[in-house]
Amino acid sequence: MDAPSTEQPTANERPGHRRTGPLVIGGAVIVCVAIIATVVIYQRVDALPTSQPVDEFRRGLNAPFITTADAIVDKMVEVAELTPDDVVYDLGCGDGRLVITAALKHGCHGVGIDIDPERVAEAKANVKLHGVEDLVEIREQDVFTVDVSQADVILMYLLPWMTKRLIPQFQEMAPGSRIISHDFGIGDIKYIEPDSTQQVLLEEENETHLVHRWDTPLKLPPPKSE
Ligand SMILES: C[S@@+](CC[C@H](N)C(=O)[O-])C[C@H]1O[C@@H](n2cnc3c(N)ncnc32)[C@H](O)[C@@H]1O
């Protein structure tokens with residue numbers, strides 16, 4: 001029989017002491033993995049764009065609904081030199097004021113197009129209110145998908161990047177058709193010089209607005225040489 005050891009037991013060997021070594025190591029590993037995972041997740045979240053592209057939210061609604069004041073509507077319709085035989089397309093018609101005024105003042109047919117169902121409902125109600133159902137049709141559609149080849153006149157209040165993107169559609173219009181825009185050019189105002197520009201002063205707002213007219217075919221700038 002061996003003589004009893006005179007050495008003190010180590011901490012792990014003391015009676016009643018649990019063998020925690022592997023548990024401690026296991027716990028430490030879990031904590032480390034959790035920290036690394038948290039850091040990786042945070043880095044990935046950081047890498048995401050802080051906001052979604054606008055189109056995701058607005059579903060193709062590319063210009064906000066801002067109405068054209070009555071005096072400008074009247075000027076646009078006047079500048080278009082409408083006759084009852086003309087067909088007017090109102091691109092981004094909002095509540096329909098441009099195309100309805102054209103129909104009321106000149107008896108011409110018109111199509112109002114808007115992508116926003118709320119605007120379409122308003123425009124349809126306004127068509128009814130003004131009794132021009134036989135002249136004006138309102139469509140819920142994206143302007144970039146509209147065939148404007150049958151339009152004699154386009155009325156619009158859209159942003160320059162939109163009007164520039166519409167050029168291929170405008171070039172399908174018959175020669176001698178008119179494009180009328182509130183404030184904005186077809187692209188940048190210098191991109192295609194308007195054939196005429198008129199100013200409208202809104203006295204109450206102390207604002208001057210512009211009404212531009214282009215006659216088709218548009219005089220596109222020469223392609224840039226490389
Ligand atoms: C500045 S508002 C002009 C409203 C009206 N034409 C006026 O002058 O009072 C622009 C309109 O374009 C519509 N719109 C924006 N993006 C469009 C798109 N891709 N296709 C059709 N309509 C669009 C909006 O819903 C809005 O009613």
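Whatever order the structure lists them in is the order used to number ligands and atoms, beginning at 1.
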May I ask you to check whether [X] has an N/O atom sitting below 3.5 Å from an N/O atom of ligand 1?
{"X": "D116", "answer": "no"}
{"X": "Y157", "answer": "no"}
{"X": "V143", "answer": "yes"}
{"X": "T68", "answer": "yes"}
{"X": "G92", "answer": "yes"}
{"X": "M162", "answer": "no"}

Is ligand 1 under 4.0 Å from a heavy atom in the side chain of [X], in the backbone, in both, or in neither?
{"X": "Q141", "result": "backbone"}
{"X": "V73", "result": "neither"}
{"X": "D95", "result": "neither"}

Next on the checklist: If the contact criterion is a heavy-atom separation under 4.0 Å, does P64 count as touching ligand 1?
Outcome noted: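 Within the 4.0 Å threshold, so yes.
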Checklist entry - With a 4.0 Å cut-off on heavy atoms, does H182 reach ligand 1? => result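 Not so, H182 does not reach ligand 1.
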Is any NZ, NE, NH1 or NH2 atom of the basic residue among [X] and [Y] found under 4.0 Å from an Asp or Glu carboxylate oxygen of the other?
{"X": "R178", "Y": "D86", "value": "yes"}
{"X": "D74", "Y": "K105", "value": "yes"}
{"X": "D95", "Y": "R97", "value": "yes"}
{"X": "E122", "Y": "K124", "value": "no"}

Next on the checklist: According to ring-ring contact (aromatic ring centres under 6.0 Å, His included), who are the partners of Y89, at least two apart in sequence or on a separate chain?
Outcome noted: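 Expected list: none.
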Checklist entry - Can you name the ring-ring contact (aromatic ring centres under 6.0 Å, His included) partners of H106, sequence neighbours left out? => result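 Expected list: none.
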Sub-4.0 Å atoms of ligand 1 with respect to non-hydrogen atoms of [X]:
{"X": "C93", "answer": "5 (C), 6 (N)"}
{"X": "T67", "answer": "9 (O)"}
{"X": "D142", "answer": "18 (C), 19 (N), 20 (N)"}
{"X": "R97", "answer": "9 (O)"}
{"X": "L98", "answer": "6 (N), 8 (O)"}
{"X": "G94", "answer": "4 (C), 27 (O)"}
{"X": "L158", "answer": "12 (O)"}

Next on the checklist: Within the structure provided, determine whether H109 and V88 are in side-chain contact (heavy-atom separation under 4.5 Å).
Outcome noted: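 A side-chain contact under 4.5 Å is absent here.
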Item to check | Residues T83 and D85: side-chain donor-acceptor under 3.5 angstrom | outcome: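 Short answer, no.
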Checklist entry - Are more than 12 heavy atoms from other residues, nucleotides or ligands located less than 6.0 Å from atom CD of E205? => result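 Yes, because the 6.0 Å sphere around CD of E205 holds more than 12 heavy atoms from other groups.
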Checklist entry - How far apart are the C-alpha atoms of T68 and H182, what are their side-chain angles, what is the distance that settles it, and do they pass the side-chain hydrogen bond (donor to acceptor under 3.5 Å, both in side chains) test? => result CA-CA 8 Å; T68 297; H182 173 187; 3.0 Å; yes
Next on the checklist: Between R213 (side chain only) and I179 (backbone N and O only), is there a donor and an acceptor less than 3.5 Å apart?
Outcome noted: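 Judged by distance alone, no pair lies under 3.5 Å.
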